[in-house]
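Below: the structure, in structure tokens.
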Amino acid sequence: MLDGIGAAAAMLAQPLAILYLLLGTVFGWALGVLPGLGSIQGMVLVIPFTYGMNPLLAMYLYAGMMGSTFLGGAVTSILIRIPGTGGNIATVFDGYAMAKQGQAARAIGLATSASFLGTILCLALMVILLAIVMRFLMAFGPPEMFMFVLWGLTSCVVISRGNIAKGLVSACLGLAFSFIGYSNVSGTARYTMGSTILSGGIDIAVFFIGIFGIAEVLNLATKRATISDAKITVTRFRDAIAGAAETFRHKACCLRSAGIGMVVGIIPGIGGAVANLLAYLVAQQSSPKPETFGKGNPEGVIAAETANNASQPGALLTTFAFGVPGSLETAVLIGIFMLHGFQPGPMFLKDNMAIVWAIIFGFVFSNIISGIGTLALAGRMANITRINVGLLIPPVAVISFMGVYAMRGQILDIFAAFIFGLLGYGMEKYGFSRVAICIGFVMGSLAETSFHASVMMAWGSWLIFFTRPISLVLFFLSVLTLSLPFLIPLLRRRLRSSR
Amino acid sequence: MRRYRKGSFLFSLLMLVLVVAFFLTSLSYDQKDRLVPLVVLTPAVAMAAFAVAGELFPVLLRRSNTNVISLGQNDEQAESPAEVSDQVSRRRLFIVGGWLLGFCFLSLLVGFSIAIPVAVFLILKCFLGYGWLKSLIIAAVIWGFIYGMFEITLKYKLFRGMLFGEIIVF
């Protein structure tokens with residue numbers, strides 16, 4: 001477990017690593033502040049630039065981005081009532097209420113320390129759990145991997161908000177896109193239409209940059225000139241520090257929300273957006289004064305921000321241990337691992353602990369740096385929301401296309417990215433899940449090879465998925481997850497009638 | 001509202017067409033190559049057809065909406081960045097979509113070194129309404145950043161364009 005910690009620490013001691021960490025933190029924070037953008041867009045945009053980089057340096061850049069985005073998003077949630085990212089929705093409810101009461105600085109302080117605590121507590125827990133999980137990884141064979149992927153896909157379709165039919169279509173379409181190119185099983189070219197370029201499959205960067213980068217350009221075109229015209233309160237450092245210290249007086253709320261965030265993060269395919277809402281709901285229902293939520297209760301901010309940050313170590317645990325993404329950010333991270341030549345999966349931990357420690361260190365320092373910056377400058381830096389959003393269109397578009405071209409040197413890839421951009425925009429607008437299609441795309445190859453390997457192990461029988469205990473449990477979890485949209489309204493009705 | 005639903009119906013239809021296209025293509029492969037795709041695409045076709053039907057009969061889609069986590073009235077409190085009216089939104093979408101496609105074709109023909117400053121200048125001047133000087137400066141800055149990043153720092157040659165001798169492999 002401690003292998004690689006020296007290499008990661010030694011890399012962090014180099015000025016270049018610190019520079020990338022700082023760049024990633026600032027970039028991630030700024031993207032978090034800008035609603036509609038987040039660490040996903042940042043990560044996909046810089047993929048081509050990190051392609052030839054030392055992998056540890058690249059991980060510091062990505063960890064910097066991932067570690068600071070939610071805190072950036074909390075600032076706009078509190079100051080202008082617009083969630084910076086999906087993981088900051090619940091922060092608006094009490095954060096903005098506090099800002100309206102002249103306590104914006106206090107709310108930002110609460111969010112900062114809650115974010116920090118959520119990250120640090122759950123990173124420590126992740127390290128402990130990884131050490132335990134590593135002993136059981138050998139029990140995970142192809143049938144377990146296939147069922148884990150299945151559970152991941154059903155989770156992200158069902159547990160996030162939306163329509164289940166559209167979610168399933170998205171997930172299956174993502175899997176279908178991953179099948180384009182030479183089959184891992186037989187080497188036959190599939191869905192290539194005779195094209196040499198398609199024989200190599202769809203490049204991960206082209207897919208992600210199209211679905212998120214180009215789609216975002218189209219999205220920006222429909223926005224009004226500035227994100228917000230609201231007067232932004234300038235926050236005082238002293239008040240923010242007092243707010244940050246106040247979090248420690250709500251230990252139970254913190255610990256509970258961190259636990260919820262961690263568990264949600266571990267479930268494949270869902271992430272901060274669900275974690276912050278669920279933690280908020282539980283905090284409200286556990287409070288002796290639930291009616292104060294939505295009116296400036298500090299536990300509303302603490303619960304939301306602790307949970308969304310805690311979900312990331314949980315998602316990383318699933319990603320590192322099983323090669324299955326725990327969230328959309330980690331789905332992109334898996335793509336990045338593959339581009340750098342690392343094979344995600346149960347063997348990843350055995351050979352690549354330096355990468356794991358680099359990401360852990362990156363998260364810790366990113367939280368510290370972004371926390372200090374947020375406490376000191378939040379009110380001023382939130383003015384970024386006053387820029388004309390149209391001005392973002394040319395640089396985001398150009399950098400996206402250039403990044404796509406740089407991956408394989410194929411000019412036609414920019415057309416593919418454009419088509420995926422149209423698809424991504426349409427999906428977002430008409431209720432199809434981009435999360436599901438991305439996770440399907442990243443997991444497709446693993447799902448197919450695991451399936452065929454399992455069937456070969458069992459001499460052609462499909463019963464192997466139901467005769468191995470872990471595989472069977474994962475299958476039942478998938479079925480249960482798919483049943484949730486029908487079970488939960490039933491339970492709610494029963495509870496209401498029993499009252 | 002009608003336009004939105006029409007768009008939603010057409011997009012759902014597009015997704016159905018995509019899924020059916022994958023499904024039908026899968027049938028032409030041998031058993032091993034088509035097994036997992038068919039396992040995946042068969043329910044996908046059914047769900048896509050259901051989604052299309054749901055656009056025509058919204059009650060179907062309402063029943064299959066997942067709202068596992070609901071916060072009741074608090075759900076409405078968070079704003080999303082304001083969008084403009086549907087008509088303006090569609091017009092802007094077509095303009096920017098056309099600009100993106102035009103940028104792709106321009107890059108293919110004359111290469112990035114010409115396409116980037118020309119395309120950026122055009123969108124700043126004609127769509128965003130910036131003045132000549134501001135548009136030129138921003139276009140130059142973006143072009144300079146890309147040239148500096150790729151040609152100088154990463155030593156990566158930018159695509160020169162079909163008209164200047166580059167060959168395309170399809």
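Lettering follows sequence order; numbering is per chain, from 1. Here the structure is a predicted model, which means the values were calculated and not measured.
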Heavy-atom closest pair, residues A:V169 and B:A48: CG2-N, 3.3 Å

Best-contacting candidate, B:L14, B:L101, B:L18, against chain A by heavy atom pairs under 4.5 angstrom: B:L101

For B:R92 against A:A221, the heavy-atom pair lying closest together: CD-O, 2.8 Å

Smallest separation among heavy atoms of B:F22 and A:A176, with atom names: CE2-O, 3.7 Å

Shortest non-hydrogen contact between B:D33 and A:R190, atoms and distance: O-NH1, 2.7 Å

NZ-CE distance between B:K32 and A:M456, expressed to the nearest 0.5 angstrom: 6.0 Å

Within residues 123-133 of chain B, residues adjacent to chain A where the heavy-atom gap is under 4.5 Å: B:I123, B:L124, B:F127, B:L128, B:Y130

Verdict with reasoning, B:L158 to A:M402, per side-chain contact (heavy atoms from CB on, under 4.5 Å): CA-CA 9 Å; B:L158 295 176; A:M402 289 311 304; 3.1 Å; yes

side-chain contact (heavy atoms from CB on, under 4.5 Å) assessment of A:Y430 paired with B:F9: CA-CA 9 Å; A:Y430 298 119; B:F9 171 74; over 6 Å; no

Engaged part of A:V217 at the chain B interface, taking heavy atoms whose separation is under 4.5 Å: both

Interchain contact, A:A406 with chain B, by part (heavy-atom threshold 4.5 Å): both

Part of B:L100 within contact of chain A (heavy atom distance under 4.5 Å): both

Residue A:I414 versus chain B: region with a heavy atom under 4.5 Å: both

Derivation of the side-chain contact (heavy atoms from CB on, under 4.5 Å) call for B:V19 and A:C172: CA-CA 8 Å; B:V19 168; A:C172 293; over 6 Å; no

Part of A:L175 lying under 4.5 Å from any heavy atom of chain B: side chain

Segment of A:S186 engaging chain B (4.5 angstrom heavy-atom cut-off): both

Pick from B:L108, B:L41, B:V40 with the largest number of heavy-atom pairs that fall under 4.5 Å of chain A: B:V40

Parallel, tilted or perpendicular: ring planes of B:F103 versus A:F401, cut at 30 and 60 degrees: parallel

For A:P394 against B:W99, the heavy-atom pair lying closest together: CA-CH2, 4.0 Å

Which portion of A:A189 sits near chain B, non-hydrogen atoms under 4.5 angstrom: backbone

Atom group of A:I180 that falls short of 4.5 Å from chain B, counting heavy atoms: side chain

Interchain contact, B:V39 with chain A, by part (heavy-atom threshold 4.5 Å): side chain

Residues in residues 142-149 of chain B near chain A [non-hydrogen atoms, under 4.5 Å]: B:I142, B:F145, B:I146, B:M149

Heavy-atom side-chain proximity of A:K166 to B:M15 below 4.5 angstrom: no

Min side-chain heavy-atom separation A:L391-B:I138 under 4.5 Å: yes

Heavy-atom contact with chain A under 4.5 Å, split by part of B:S28: neither

Residues B:L35, A:E448; criterion side-chain contact (heavy atoms from CB on, under 4.5 Å); working and verdict: CA-CA 9 Å; B:L35 178 58; A:E448 189 173 27; over 6 Å; no

Nearest-0.5 Å distance that lies between atom CD1 in A:I214 and atom SG in B:C104: 7.5 Å

B:F112/A:Y405 aromatic ring centres below 6.0 Å: yes

Engaged part of A:Y191 at the chain B interface, taking heavy atoms whose separation is under 4.5 Å: both

Heavy-atom pairs under 4.5 Å with chain B, option from A:G426, A:S183, A:G440, A:G167 with the top count: A:G426

Atom group of A:Y96 that falls short of 4.5 Å from chain B, counting heavy atoms: neither

Residue, of B:V141, B:V96, B:V120, that accumulates the most heavy atom pairs under 4.5 Å with chain A: B:V96

A:L423 to B:F11 - nearest heavy-atom pair and separation: O-CZ, 3.6 Å

